[in-house]
Asks: 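First the structure, then my questions, so here it is.
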Amino acid sequence: MQLALAAQMRELDLQSIEEIGIPGMVLMENAGRSTVDQMEQALGPVAGKTVCVFAGPGNNGGDGLVIARTVHGLGGFPMVFFPAAPERLTGDAGLNFEIYRRLRLPYQVLDNQEKSFTLADTVLALNRMHPIHFLVDALFGTGLEREVSGGFLETITCINALRHSHRLPVVSVDIPSGLHSDTGAILGCAVQADLTVTYALAKPGHYHHGGDRSGRLVCVDIGIPASLVARMKLQGMLIDQAALVRHLRVRPATAHKGSNGHLLILAGSAGKTGAALLCGQGALRSGAGLVTFAAPHDLNPIFETAIAEAMSVPLPASSGFLSVDDYQRIEVLCAGKNGIVLGPGIGTEPETRELALRLYGAYAGPLVVDADALTILAAHPDLLRNPPGPRILTPHPGEMARLLGASVEAVQADRLKAAQWLNANGADRPPIITVLKGAGTMVSTTGGAWAINASGNPGMATGGMGDVLAGIIGGLLVQGHDPWQAACLGVHLHGLAADRIAADQPYGYTATEVARQLPQVIGSLCL
């Protein structure tokens, strides 16, 4: 599924109206009627039901007026609340208000109320006379940029309170009001929707931070021509099962371990061997044919016994942590490998730092860079930006903040911008892909493409999950997936495996259990 930024949606609307000649009123009518259709499918018929529509000052409010009129036409009872005077509505929204007014359908302007009589009092008074069945949020669409305040803040607070206290389902028009369409940031206050009906294309704000504000999301066609969407060459996409299945491969009957790739893992140190082992589990469970650990010699007995299916090579000059003194030995190990994972649990000792920097700057194959290796590279931006081969960086928000020299709060406020930090690198160099982990994991490549992952759940907030993910991505790389595919497939499979567990056990499961679930998940998708 493609995703559109707010500016791109405005351009598509404009092109549909001005180039193709589709009247804006037609697009608005399609939007409102499609929303009611989805409401009825999800929540039941509107006939005989009271539907409260909260209409804003722009086109989102115009969509709300079409919804109210459609509810009336189907035998329902609409009531429209305007936080601002509806006479200020212009264009297609203004025309729809005039139609609504001439039909003598009920509405109330909230900014004319006595201050002692709150919006909640007004709605509850209506509820006593005519029990309310649905609330429709048509306050703000994708164009909201500033924090919500005044009567609009009161309205959103009221919608959320009524949803909670009276269990009234909330339907949001295009995007929950108060949510930034591009970043998913809550602009002061945001509606909590049960159903969001969005138009033409989904927006990144629906999925950032896990998409918990949108409830169930449905995307409907309102008449924007597909040719205009294709011409725009959107670079954003949602990583869902439909995207996943296209790239998963059914193995031929002649497959053998050598044909499924060989991954080298440089991970672990004293007290952190678990990170390396979880990485190995992720690689093997995702289908890598062979996995080899390069380990400090004194820790090698752990690697030899913990995962029987993996190989290990003791590094004679490394004791307790990986050392640059073993670089030549590691160079030999790199030969014949299809990819490397570097970083989980390696620590930041000076000898380890020098090894990580030298390997990053010299290895021409695909390299997954995780955890401590990211912390090391954050201090060397010029080296980081100019690798000799493909790189997949897998930071969590704290590591991303170190890479950017910013705060975690700044990273989380605009995760797409943070993930696209290397886009100026240009497409003529080896790709660098950033996997910004967290709810709604972001994947971005220096070629310009970006994606948001739709799988995963809060139960994954426990130690070792990122180590397994690094191994999954490395395992997919060595099986022949290009770096972009490996990153996107990896984050979705990782989240999907956790979702299968969370269906019965919402939290308390471990990274090891997620790794073990991977073969079943992959098998079910390859059928």
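This one's a predicted model, so the numbers in the text were calculated from it and none came from an experiment.
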Asks: Indicate whether any N or O donor in one side chain lies under 3.5 Å from an N or O acceptor in the other, for Trp421 and Thr434.
Replies: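 On atom types as modelled, these side chains qualify, holding a pair under 3.5 Å.
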
Asks: Could you check, using the six-membered ring where one of them is a Trp, whether Phe82 and Phe54 have ring centers closer than 6.0 angstrom?
Replies: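 Here the rings of Phe54 and Phe82 have centres that are no less than 6.0 Å from each other.
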
Asks: Looking just at side-chain N and O atoms, do Gln517 and Arg285 make a donor-acceptor pair shorter than 3.5 Å?
Replies: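 Looking only at side-chain atoms, Arg285 and Gln517 do not form any donor-acceptor pair under 3.5 Å.
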
Asks: For a quick check under 3.5 Å, do Gln479 and Arg251 share a side-chain donor-acceptor pair by atom type?
Replies: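 Yes, side-chain donor-acceptor contact under 3.5 Å.
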
Asks: If you look at every heavy atom in Cys189 and Val148, which pair is closest and at what distance?
Replies: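 Smallest interatomic distance, heavy atoms only, reads O-CG2, 4.1 Å.
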
Asks: I'd like to check Leu234 versus Leu3 (side-chain heavy atoms, cut-off strictly below 4.5 Å). Are they in contact?
Replies: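 No, their side chains stay 4.5 Å or more apart.
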
Asks: Would you say the side-chain atoms of Gln8 pair up with the backbone N or O of Leu5, donor to acceptor, closer than 3.5 Å?
Replies: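 It does hold such a pair.
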
Asks: Please determine whether a side-chain nitrogen of the Lys or Arg among Glu29 and Arg69 lies less than 4.0 Å from a carboxylate oxygen of the Asp or Glu.
Replies: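 Yes, charged N to carboxylate O under 4.0 Å.
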
Asks: Distance-only, no hydrogens or angles: does the Gln192 side chain make a donor-acceptor pair with backbone N or O of Asp212 under 3.5 Å?
Replies: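 Confirmed, Gln192 side chain pairs with Asp212 backbone.
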
Asks: Take Leu144 and Leu139 through the side-chain contact (heavy atoms from CB on, under 4.5 Å) test and state the conclusion after the steps.
Replies: CA-CA 10 Å; Leu144 185 66; Leu139 293 170; over 6 Å; no

Asks: Nearest 0.5 angstrom please: Ile222 CD1 to Asp63 CG, how far?
Replies: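 These two atoms lie 7.5 Å from each other.
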
Asks: Any chance you could lay out the side-chain contact (heavy atoms from CB on, under 4.5 Å) test for Met1 and Met237, step after step, and finish with the verdict?
Replies: CA-CA 6 Å; Met1 181 192 296; Met237 63 170 281; over 6 Å; no

Asks: Where do Arg146 and Leu187 land on the side-chain contact (heavy atoms from CB on, under 4.5 Å) test, with the steps shown first?
Replies: CA-CA 6 Å; Arg146 63 179 183 274; Leu187 299 172; over 6 Å; no

Asks: Ignoring hydrogens, what is the shortest heavy-atom contact between Val53 and Ala68? Give both atom names and the distance.
Replies: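 In this case the closest contact between Val53 and Ala68 is CG2-CB, 4.1 Å.
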
Asks: State, with a plain yes or no, whether a side-chain heavy atom of Leu195 is found less than 4.5 Å away from one of Val218.
Replies: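 The answer is yes; the side chains approach within 4.5 Å.
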
Asks: Could you go through Ser455 and Asp499, starting from their C-alpha distance and side-chain angles, then the distance that decides it, and tell me whether this counts as side chain to side chain donor-acceptor pair (under 3.5 Å)?
Replies: CA-CA 7 Å; Ser455 66; Asp499 288 343; 4.8 Å; no

Asks: Of all heavy-atom pairs between Ile20 and Ser16, which one has the smallest distance, and what is that distance?
Replies: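 Closest heavy-atom pair between Ile20 and Ser16: CB-O, 3.3 Å.
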
Asks: Contact between Val514 and Tyr509 at the side-chain level, heavy atoms closer than 4.5 Å - yes or no?
Replies: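 Val514 reaches Tyr509 side chain to side chain.
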
Asks: Which pair of non-hydrogen atoms, one from Ile432 and one from Pro387, has the smallest distance, and what is that distance?
Replies: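 For Ile432 versus Pro387, the nearest heavy atoms are CD1-CD, 3.7 Å.
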
Asks: How many angstroms lie between atom CG of Asp13 and atom CG of Asn59, to the nearest 0.5 angstrom?
Replies: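 Asp13 atom CG to Asn59 atom CG measures 8.0 Å (nearest 0.5 Å).
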
Asks: May I ask you to decide if Val197's main-chain N or O and Thr35's side chain share a donor-acceptor pair within less than 3.5 Å?
Replies: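 Between the backbone of Val197 and the side chain of Thr35 there is no qualifying donor-acceptor contact (under 3.5 Å).
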
Asks: Between Asp194 and Arg163 (salt bridge meaning N to carboxylate O under 4.0 Å), is one present in this structure?
Replies: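 Looking at Asp194 and Arg163, the cut-off is met.
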
Asks: Salt bridge between Glu40 and Lys49, side-chain N to carboxylate O under 4.0 Å?
Replies: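 Judged by the 4.0 Å cut-off on N to carboxylate O distance, Glu40 and Lys49 do not form a salt bridge.
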
Asks: Does any donor atom in the side chain of Asp137 or Ser172 lie under 3.5 Å from an acceptor atom in the other side chain?
Replies: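 Distance-only check passes for Asp137 and Ser172.
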
Asks: Do Asn453 and Val443 have side-chain heavy atoms sitting under 4.5 Å apart?
Replies: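 A side-chain contact is absent here, since even the closest heavy-atom pair is not under 4.5 Å.
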
Asks: Are the side chain of Glu399 and the backbone N or O of His396 linked by a donor-acceptor pair below 3.5 Å?
Replies: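 Here the side-chain-to-backbone pair exists.
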
Asks: Are the side chain of Lys437 and the backbone N or O of Val435 linked by a donor-acceptor pair below 3.5 Å?
Replies: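 No, Lys437 side chain to Val435 backbone: no donor-acceptor pair under 3.5 Å.
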
Asks: Any heavy-atom pair between the side chains of Asn423 and Ser444 that's under 4.5 Å?
Replies: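 Ser444 vs Asn423: side chains touch.
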
Asks: With a 3.5 Å distance limit and no angle check, can you tell me whether Thr394 reaches the backbone of Val369 through a side-chain donor-acceptor pair?
Replies: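 Flag set: sc Thr394 to bb Val369 pair under 3.5 Å.
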
Asks: Nearest 0.5 Å, please: how far is CG in Leu422 from CZ in Arg391?
Replies: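 It is 13.0 Å, given to the nearest 0.5 Å.
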
Asks: Between Val173 and Val136, does the side-chain contact (heavy atoms from CB on, under 4.5 Å) criterion hold? Intermediate values first, please.
Replies: CA-CA 7 Å; Val173 173; Val136 175; 3.9 Å; yes

Asks: Could you check if a side-chain atom of Val170 sits within less than 4.5 angstrom of a side-chain atom of Leu162, using non-hydrogen atoms only?
Replies: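 No - every pair of side-chain heavy atoms lies 4.5 Å or more apart.
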
Asks: From Ile175 CD1 over to Thr198 OG1, what is the distance, rounded to the nearest 0.5 angstrom?
Replies: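 Output value for this atom pair is 7.0 Å.
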
Asks: Do Arg213 side-chain atoms and Ala190 backbone N/O form a donor-acceptor pair below 3.5 Å?
Replies: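 Yes; at least one donor-acceptor contact below 3.5 Å.
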
Asks: Are Ser524 and Arg500 packed together at the side-chain level, in the sense that at least one heavy-atom pair is separated by less than 4.5 angstrom?
Replies: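 Yes - at least one pair of side-chain heavy atoms lies under 4.5 Å apart.
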
Asks: For residues Ala451 and Cys488, report the shortest heavy-atom separation together with the two atoms involved.
Replies: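 What the structure gives for the nearest pair is CB-SG, 4.5 Å.
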
Asks: For a quick test of reading the model, state the closest non-hydrogen atom pair linking Gly466 to Asp370 and the distance between them.
Replies: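 Closest approach of Gly466 to Asp370: O-OD2, 3.9 Å.
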
Asks: Is there side-chain contact between Pro86 and Val109, with at least one heavy-atom pair below 4.5 Å?
Replies: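 With C-beta onward as the side chain, the pair touches.
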
Asks: When you measure from the side chain of Thr196 to the backbone N and O of Ser214, does any donor-acceptor pair fall under 3.5 Å?
Replies: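 Between the backbone of Ser214 and the side chain of Thr196 there is a qualifying donor-acceptor contact (under 3.5 Å).
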
Asks: Looking at Asp174 and Gly141, would you say the former's side chain and the latter's main chain have a donor-acceptor pair under 3.5 Å?
Replies: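 Absent.
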
Asks: With distance as the sole test, does Asn96 use its side chain to make a donor-acceptor pair with the main-chain N or O of Val66 at under 3.5 Å?
Replies: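 Looks like no, no N/O pair under 3.5 Å.
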
Asks: Which value, rounded to the nearest 0.5 Å, describes the distance between Gln505 atom CD and Tyr507 atom OH?
Replies: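 It comes to 10.0 Å.
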
Asks: Roughly how far apart are Arg429 CZ and Asn386 CG, rounded to 0.5 Å?
Replies: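 Between atom CZ of Arg429 and atom CG of Asn386 there are 4.5 Å.
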
